[in-house]
Amino acid sequence: LLGCFFSLALLAYLRSEKLRRGTQRQRLGQPAARGAEPWWYWLSFAVFVLALLSKTSVVMLPVVLLLCMWWLGRAAGRSLTREDVARTMPFFGIALGLALVTIWFQYQRSIGTDVVTTSDFRSRWVGAGMAAWFYLARILFPRHPMFVYPRWSFSPDVVAHYLPGALLVGLWVLFWWYRNRWARPCFFALSYFLAMLFPVLGFFKIYFQKYSFVADHWAYPAMIGIIALVAGGGAWLVRSAGRRWGNSIGLLAAVGLLGTLAPLTWAQCGIYQNEETLWRATLARNFKCWLAHHNLASLLVTQSQAELSAVAGAANFSGPSPACADKLNEALFHEQATIALKPDHAAAEYGAGHILSLLKRTEEAIPHFRRAIELQPDMISALDSLAWILATHEQAAVRNGAEAVRLAKSAVAITGEQDARSLETLAIASAEAGDFPAATEARRKALTLALAAQERDFAGTAGGSTAALRKRP
C-alpha cells in the first residue's frame, strides 16, 4: 500500500511538471491542456498524504521531488527556480507535520521509559554510515535476508569506524563534482537513496532499534533510486552493444536476473507462513536474537495452554503429557537463551518461571519470579504467581504466608481491586498467614468480580481452597 501511494504521488507530480514545462506541447505540436496540470499536482499531494498516513517513512518525498526537478531542469539547460521550490512547499509542510507527530509518538508512546540507545551524535554518525552501506549491499546482493539482523557494536572512539560514513560522503561529493559530465545519474541515484533513508539511519530514535539498527522494510522506498540506476546502466550497455547483440544480451540478463531473484523471493515468502515459521527462520540465521527466542517461547506456551486447560482440572492430573512437556521444555530453553542474551529482560524471567510452574518444578520457578519482580516491580503476573506458590506449595518449608500476603497485596493495589484472580490469590495467602477474616473478605470481592464478569468457572472454584488451608499442617 505504501509503495503504491508513494509511486503514484511521484508519477503524478512528474506528470504535472511535464505539463507545466510544456514538454507535452513540444512533443505533440499542439497546445497542452493547462487545466490538467493543477489536477495532477493536487492528485500527487492527496496521494502523498495517503502514503504518509500509511507509513511516515516516506517523509523525504519532497526532497526527491526537488531532485527530479533538478534533473529535468539540467536536461533543459537550467537550474532549480524559486517556483520549483515553492511548488514543493505544501509537500514539505504536511511531511514536517506528520514527521513531528511520528517523532513524538516514538519518543512518548513507543519508547517511553525504555532505553533504545544511549549513543551521542558521533555514534549516530558512525551508525548511519554503516547502515547506508548495509542497505546498499542488501539491494545489490539480496542474500540471506533476516527479519531481525544482529545489532552491531561500534564505538565513536575508533577512527576506523568513521570510514564507511566518510567514504559515502566522499563518493557523494565526487558525483556532485562531475554532475555535468558522467556522474549525473550516479549523483541523482545516491542523493535519492540517502534522502529516503535519512529518517531510519539512526539520527532519530526508533523503537525497533532496541532489537536491530537496520531492517529490510526500511529500505523499500530508498531502493528505487539504486534499482533505477542499475536498470538504466544496463539499458545503456545493451544499446552500446548494438541491435545485433544488444537484444540477446538484454534478454539473457533479464531471464538470469528473474531466475535468480524469483527463487529467493519465494523462499523468503515461506518464512511468513505463520508466527512460528517466522521466529524459527530468524533464529536459524541470527541465533543471538533474543526477541525471536522470547517470542517463540511465548508462542510455544500458548500452543500448550489448550491441552493444559483441558486436563488441569482432572482429579488425577499429575502434569502435562510427554508431547506437551517437550514443547514446554523447548520454550524454557528459549526463555533461558533470552535471559542469557539480555539479563534485564523481566518478561523472559517471568516466562521461565511460568513454564517451570507448568512443568511442576515450582521451586525452580521461584528465583525467576523474584528476578522478574526485581526488574519490574509492577509486573502483576509475577507478583501473583510468586504469591500463589508461597501460599500453596505442598512443602511447608517453601510456604511463606507473610511474604505471599505482601506480594498479593501489591498486585491487588496495582489492579485497584478490579482483578478477581489477584484477589483470590490474596485470599489464599491471607488464609496461609492465618488471617481468615481478611481471606474471607478478599474471597468475597473476588467472587463478586467474577460473577459480574460472568466468569462462572472461576466463580465456581474460587475460594474453596481457603477453607482447606485451615487444615494445612
Side-chain angles (χ1 to χ4, degrees), residues 1-15 17-18 23-24 27 47 51 55 57-58 60-61 64-65 67-68 70-72 74-75 131-147 149 168 171-172 174-175 178-179 181-197 214-273 281 285:
L1 185 61
L2 171 68
C4 176
F5 288 144
F6 174 79
S7 301
L8 183 57
L10 184 57
L11 292 173
Y13 194 90
L14 291 176
R15 177 67 172 174
E17 274 299 300
K18 286 186 177 182
T23 54
Q24 187 182 54
R27 186 175 66 252
V47 178
K55 198 168 187 179
S57 59
V58 294
M60 299 301 287
L61 175 64
V64 172
L65 297 180
L67 272 172
C68 291
W70 171 81
W71 177 274
L72 294 174
R74 296 302 297 175
W133 282 108
F134 169 85
Y135 287 123
L136 186 60
R138 296 304 307 160
I139 294 170
L140 297 177
F141 307 100
R143 183 67 174 163
H144 296 312
M146 305 180 196
F147 185 68
Y149 288 94
L168 195 64
L171 199 60
W172 185 87
L174 176 66
F175 291 156
Y178 290 100
R179 67 192 182 280
R181 297 172 63 183
W182 56 269
R184 183 162 162 255
C186 299
F187 174 77
F188 180 92
L190 183 59
S191 298
Y192 174 100
F193 175 70
L194 294 177
M196 292 304 299
L197 275 182
V214 292
D216 283 338
H217 63 276
W218 288 347
Y220 292 163
M223 67 193 305
I224 297 174
I226 303 301
I227 292 174
L229 178 65
V230 173
W236 178 82
L237 289 174
V238 168
R239 288 197 301 268
S240 299
R243 180 173 296 182
R244 179 179 179 183
W245 296 102
N247 291 339
S248 298
I249 294 173
L251 180 61
L252 288 174
V255 172
L257 190 63
L258 182 63
T260 301
L261 295 180
L264 292 176
T265 302
W266 180 268
Q268 184 66 9
C269 289
I271 75 171
Y272 296 101
Q273 293 180 23
R285 294 179 178 174

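What you are looking at is a predicted structure, and each value in this text was computed from that prediction instead of being measured.
In terms of heavy atoms, L190 sits closest to F175 at CD2-CD1, 3.8 Å. When all heavy atoms of L197 and A219 are compared, the pair lying nearest together is CD2-CA, 4.2 Å. Of all the heavy atoms in P145 and Q268, the pair that sits closest is CG-OE1, 3.1 Å. Closest of all the heavy-atom pairs between L2 and A51 is CD1-O, 3.4 Å. Shortest non-hydrogen contact noted between A9 and V47 is N-CG1, 3.8 Å. Across I224 and F6, no two heavy atoms sit closer than the pair CD1-CE2, 3.8 Å.
Qualifying side chain to side chain contact (heavy atoms under 4.5 Å, CB included) partners for V238, counting only residues two or more places apart in sequence or in other chains: none. In this structure, the side chain to side chain contact (heavy atoms under 4.5 Å, CB included) partners of H217, at least two apart in sequence or on a different chain, are K55, A215, Y220.
Within 6.0 Å of the CH2 atom in W182, the count of heavy atoms belonging to other residues, nucleotides or ligands exceeds 12.
The shortest distance between side-chain heavy atoms of P221 and V64 does not fall below 4.5 Å. Two residues are said to be in side-chain contact when any heavy atoms from C-beta on lie closer than 4.5 Å; Y13 and L61 fail this criterion.
Although no hydrogens or angles enter the test, the distance criterion places a donor-acceptor pair under 3.5 Å between the side chain of R138 and the main chain of R143.
The line from OH of Y272 to CZ of F147 is 6.0 Å long, rounded to the nearest 0.5 Å. Summarising the geometry, atom CH2 belonging to W70 is positioned 7.0 Å from atom CZ belonging to R179; distances are rounded to the nearest 0.5 Å. To the nearest 0.5 angstrom, Y149 atom OH is 3.5 Å from D216 atom CG. In this structure, W71 CH2 and R184 CZ are separated by 4.0 Å, a value rounded to the nearest 0.5 Å. We find the CE-CG distance between M223 and L136 to be 11.0 Å, quoted to the nearest 0.5 Å. Taking CG of L72 as the start and CG of L14 as the end, the distance is 6.5 Å to the nearest 0.5 Å.
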Test log, rule side-chain contact (heavy atoms from CB on, under 4.5 Å), inputs L140 and V230: CA-CA 9 Å; L140 297 177; V230 173; 4.1 Å; yes
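Using bins of under 30°, 30° to 60° and over 60° for the plane-to-plane angle, the ring pair F187/W172 lands in the tilted bin.
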